[in-house]
Amino acid sequence: MKTKFVEILDSTLRDGEQTNGVSFLPHEKLMIARTLLHDVNVDRIEVGSARVSEGEREAVSMICRYASQIDRLDRVEVLGFVDGGLSVDWIVSTGCRTLNLLAKGSLKHCRQQLGKTPQQHVADIRSTVAYAHRQGIAVNLYLEDWSNGMKESPDYVYLLMDALIDTGIRRFMLPDTLGIMNPLQVIEYFRKMLKRYPDTHFDFHAHNDYDLAVSNSLAAVLSGARGLHVTVNGLGERCGNAPISSVQVILKDQFHAQTNICEDKLNVISRMVESYSGIAVAPNQPIIGDNVFTQVAGVHADGDNKDRLYQNDLVPERFGRRREYALGKTSGKANIAKNLEELGLELTPEQQRRVTDRITELGDKKEIVTQEDLPYIVSDVLKHDAPEDKVKLVSYIVTTAYGLKPGANIKVEINGRQYEASATGDGQYDAFVKSLRYIYRKYLGRTFPILQNYAVTIPPGGRTDALVQTVITWNDNGRVLRTRGLDADQTEAAIKATFKMLNIIENEQSQQL
């Protein structure tokens with residue numbers, strides 16, 4: 001059987017931006033587009049809508065200039081409208097060369113929204129397509145509300161197709177605009193389209209209102225669709241679109257289809273879009289969620305030790321990640337042993353039992369326990385002569401005042417020597433970290449790990465005297481560390497988490513000497 005190739009269009013910067021509360025700045029759009037084109041290697045990107053704003057024009061122009069420099073301008077597309085050529089002129093002004101023209105794919109939309117007959121709408125579309133071609137612009141055509149069109153007015157859909165099939169339109173893009181379809185309907189309608197128009201390139205554009213966007217996308221490919229539309233993290237209007245990560249792995253693993261997607265960059269683009277959009281990825285979101293390669297149950301760790309009994313083809317290394325064995329009340333001795341082994345810690349069976357009991361106790365209190373916390377739990381439980389902290393906080397003062405930037409003065413001890421520094425920042429903790437960075441750079445000639453994520457939680461109830469738990473994710477030359485601090489003061493909790501991280505690194509370096 002010949003391997004089927006599926007073309008992927010990412011619409012994060014157009015349809016994804018229609019997510020409630022999401023609006024990308026021009027430079028953010030450029031960074032997302034660069035990563036999608038160069039790193040993730042999608043076949044096409046839909047980067048905006050014509051005539052929206054001057055900010056949109058600036059963003060599209062920046063993206064097109066970049067795409068031209070890497071010889072990928074033909075992959076950049078912009079949504080435009082049947083508006084007498086105004087969208088075409090707008091697209092030409094940005095340097096883009098491809099118009100995704102929005103036409104009405106259902107009789108109801110044609111008559112009630114446009115107030116036109118099918119024949120009038122066809123004439124307008126043909127005029128716009130002809131004008132775009134005269135301007136040197138390639139055209140793909142959306143049949144908006146195509147799913148309802150096939151359900152309620154298929155003769156209208158066929159009339160439209162019959163009238164436009166000879167116009168030089170490159171792709172006919174079939175959206176389930178309201179997310180109403182199921183896979184059986186997708187198969188039925190696609191086969192009808194391909195039976196009538198067998199040599200036509202059809203894309204499918206899914207929405208996730210019934211949580212079927214990924215399933216419907218697979219059904220479209222099984223029925224002959226040559227292209228699929230996706231967004232990063234499933235962003236999109238209402239319930240969103242089909243997530244690029246899920247679509248990619250299902251196409252490859254379940255259907256054995258071929259794409260050009262670089263899977264090991266899917267986590268990178270996910271985190272970038274999460275940061276720029278402000279829309280958090282659910283921890284259990286397949287492929288890209290924080291928890292999907294984390295196993296808590298001890299029986300799973302035991303099975304993996306014996307013969308990868310609890311692993312499937314979705315191995316984390318495919319996506320630039322690694323498997324973790326979380327520590328909690330269901331961890332069990334196999335899970336604890338796995339984490340201890342990774343850290344190079346050797347305990348007697350009795351010591352390991354006591355550590356396991358302590359982690360179970362913490363789990364009952366819903367405490368988050370990270371692998372980096374494990375040496376400290378071991379030290380706390382066993383009360384043995386653990387290596388003394390090599391990085392100590394001697395003293396510090398942080399200040400904040402109305403109208404002035406927060407400041408920090410700190411004194412730290414690193415491997416027996418004391419250093420002092422002061423700095424201002426955007427917050428008290430920011431000022432504290434800047435002081436530390438200065439010490440590491442000036443006195444030690446070393447780089448300071450990059451803060452990737454900062455999460456603060458308090459126990460339920462929201463009392464003002466509640467303990468604050470701060471979990472900080474760091475990037476140390478490509479290696480990810482997560483450390484936790486617990487204190488009544490948020491800044492103090494963050495400082496504790498920071499010094500845990502510094503001692504982990506310092507102890508590792510001393511062991512290498």
Side-chain angles (χ1 to χ4, degrees), residues 21 23-25 27-28 31 268 270-281 290 368 370 372-373 376 389-415 417-459 462 464-506:
S23 180
F24 298 117
L25 296 172
H27 82 274
E28 293 174 337
M31 295 308 298
V268 173
S270 172
R271 294 293 164 252
M272 177 183 290
V273 170
E274 180 182 41
S275 175
Y276 287 155
S277 68
I279 305 295
V281 174
D290 278 345
I368 296 174
T370 68
E372 287 76 19
D373 287 322
Y376 294 87
D389 284 348
K390 297 182 180 298
V391 185
K392 300 178 182 178
L393 180 60
V394 178
S395 62
Y396 80 94
I397 182 171
V398 291
T399 60
T400 184
Y402 181 76
L404 298 175
K405 296 194 77 171
N409 293 284
I410 70 171
K411 179 187 288 187
V412 298
E413 182 179 304
I414 304 173
N415 293 319
R417 295 188 60 181
Q418 292 191 356
Y419 306 92
E420 294 185 41
S422 61
T424 59
D426 292 330
Q428 292 179 335
Y429 178 64
D430 183 48
F432 188 94
V433 171
K434 284 182 177 176
S435 301
L436 275 175
R437 288 186 187 280
Y438 178 82
I439 289 171
Y440 271 72
R441 183 178 65 251
K442 180 174 181 179
Y443 299 113
L444 304 179
R446 287 160 52 183
T447 58
F448 195 88
I450 298 170
L451 190 151
Q452 276 194 318
N453 194 37
Y454 181 106
V456 176
T457 57
I458 62 173
T464 56
D465 63 347
L467 287 174
V468 178
Q469 181 174 254
T470 303
V471 180
I472 304 179
T473 305
W474 308 89
N475 187 316
D476 178 38
N477 295 317
R479 180 180 62 147
V480 174
L481 295 172
R482 280 194 300 276
T483 51
R484 175 179 61 89
L486 195 68
D487 197 86
D489 179 80
Q490 180 176 329
T491 301
E492 185 74 21
I495 289 171
K496 287 180 177 179
T498 304
F499 273 78
K500 282 188 180 182
M501 175 272 296
L502 293 174
N503 275 292
I504 289 170
I505 294 174
E506 207 64 40

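These numbers were taken from a predicted model, which means no experiment stands behind them. Sequence positions, counted from 1, serve as the residue numbers for this chain.
Legend: residues meeting ring pair (Phe, Tyr, Trp, His ring centres under 6.0 Å) with Phe24, ordered by chain and number and at least two apart, are absent. Legend: residues meeting salt bridge (Lys or Arg N to Asp or Glu O under 4.0 Å) with Arg479, ordered by chain and number and at least two apart, are Asp476, Glu508. With sequence neighbours excluded, no residue forms a side-chain hydrogen bond (donor to acceptor under 3.5 Å, both in side chains) with Thr470. By the side-chain hydrogen bond (donor to acceptor under 3.5 Å, both in side chains) test, Glu28 is found to be paired with no residue, residues two or more places apart in sequence or in another chain being considered. Every residue was checked against the salt bridge (Lys or Arg N to Asp or Glu O under 4.0 Å) condition with Arg437, not counting sequence neighbours, and none meets it. For Tyr440, there are no side-chain hydrogen bond (donor to acceptor under 3.5 Å, both in side chains) partners at least two apart in sequence or on another chain. Scanning for salt bridge (Lys or Arg N to Asp or Glu O under 4.0 Å) contacts around Glu274 gives Arg271, with sequence neighbours left out. Listed by chain and residue number, nothing satisfies the ring pair (Phe, Tyr, Trp, His ring centres under 6.0 Å) test with Tyr276 (two or more places apart in sequence, or in another chain). For Tyr419, the ring pair (Phe, Tyr, Trp, His ring centres under 6.0 Å) partners at least two apart in sequence or on another chain are Tyr443.
Residues Trp474 and Ile505 are not in side-chain contact: their nearest non-hydrogen atoms beyond the backbone lie 4.5 Å or more apart. Between Ile439 and Val412, the closest side-chain pair of non-hydrogen atoms falls below 4.5 Å.
The two residues Gln418 and Glu413 make their nearest non-hydrogen contact at NE2-OE1, 3.7 Å. Across Leu444 and Ile414, no two heavy atoms sit closer than the pair CD1-CD1, 3.7 Å. Shown here for Ile495 and Tyr429, the closest heavy-atom pair between the two residues is N-CE1, 4.2 Å. Here the shortest heavy-atom pairing between Ser435 and Ala421 reads O-CB, 3.6 Å.
Side-chain contact annotation: Tyr396 with Glu420, donor-acceptor N/O pair under 3.5 Å absent.
Residue pairs meeting the salt bridge (Lys or Arg N to Asp or Glu O under 4.0 Å) criterion with at least one partner in residues 438-456, sequence neighbours excluded, are Arg446-Glu506.
Asn503 contributes no side-chain N or O that, together with a main-chain N or O of Asp389, makes up a donor-acceptor pair within less than 3.5 Å.
With values rounded to the nearest 0.5 angstrom, Met501 atom CE is found 14.0 Å from Arg482 atom CZ.
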Please output the side-chain donor-acceptor pairs of residues 448-456 that fall under 3.5 Å, not counting sequence neighbours, one pair per line with the distance.
none

For a quick test of your reading: what N or O donor-acceptor pairs under 3.5 Å do the side chains of residues 397-411 make, sequence neighbours left out?
none

